[in-house]
Amino acid sequence: MNIIFGSDHGGYQLKQVLAAHLEKKGHRVTDAGAFDTVSSDYAQYALVVARSVAKGEFDRGILICGTGLGMSMAANRIMGVRAALCANEFTARMSRAHNDANVLCLGERTTGTGLALAILDAWMDTEYEADPRHIRRIGLFNRIG
Ligand code: RB5
């Protein structure tokens, strides 16, 4: 898959680990910044990643800040983005199977590296079920401008 990553300073280290992991698995990875751990504003990266996923330039996006909260709030302002803040593998799988999440948000300060890798793998490997009830439910909010 063609994946775009973004983080602020609080998610930079975890982003390096997760991006390398996906590259090793054969995915194409782009980093929209931040490129260091100097304090920066999470929303600027969230919006770049969210807009590029919404436009179809990437298959999926992954956003990491200290908690994942700011990233998910900002990304979900962009129509067509369904950003899921996941703290365990179950929500990661469900966010794909039922919600067709196209952006995964994680918190470097809240989620250990081993768990974050397991969440990432679960999220990458789970297909959207796309049955009529899920399509209808997503349609109820995806069209509101
Ligand atoms: C930065 O200190 C922190 O607020 C940010 O990384 C994120 O957790 C915001 O939601």
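Remember, it's 1-based here, ligands and their atoms both numbered in the order they're listed.
- Checking Asp59 against His27 by side-chain atom types alone, no donor-acceptor pair falls below 3.5 Å.
- Ligand 1 has His9 within reach: a non-hydrogen atom of the residue lies less than 4.0 Å from it.
- No more than 12 heavy atoms of other residues, nucleotides or ligands lie within 6.0 Å of CZ in Phe90, so this atom counts as exposed by the packing criterion.
- Only the side chain of Asp8 comes within 4.0 Å of ligand 1, judged by heavy-atom distances.
- The distance criterion of under 3.5 Å between nitrogen or oxygen atoms is not met by Gly68 with respect to ligand 1.
- In the hydrophobic cluster analysis, where Ile, Leu, Val, Met, Phe, Trp and Tyr join through side-chain heavy atoms closer than 4.5 angstrom, Ile62 is grouped together with Leu14.
- Distance from atom 10 (O) of ligand 1 to its nearest protein heavy atom, with residue and atom name: Gly70 N, 2.8 Å.
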Next on the checklist: Walk me through whether Asn99 and His134 qualify under side chain to side chain donor-acceptor pair (under 3.5 Å).
Outcome noted: CA-CA 7 Å; Asn99 310 111; His134 298 316; over 6 Å; no

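- Side-chain contact between Met1 and Arg28: absent, with no pair of heavy atoms (C-beta onward) separated by less than 4.5 Å.
- A heavy-atom distance below 4.5 Å is not found between the side chains of Asp8 and Gln44.
- By the 4.0 Å heavy-atom criterion, Arg109 is counted among the residues contacting ligand 1.
- Remark: atom 4 (O) of ligand 1 lies closer than 4.0 Å to no protein heavy atom.
- In terms of protein heavy-atom proximity, atom 7 (C) of ligand 1 is closest to Cys65 SG, 3.3 Å.
- The hydrophobic clustering, which links ILVMFWY residues whose side-chain heavy atoms are closer than 4.5 Å, places Tyr12 and Val49 apart.
- Considering backbone and side-chain N/O atoms, Tyr42 never comes within less than 3.5 Å of an N/O atom of ligand 1.
- The ligand atoms of ligand 1 that sit less than 4.0 angstrom from a heavy atom of Gly66 are 5 (C), 6 (O), 7 (C), 8 (O).
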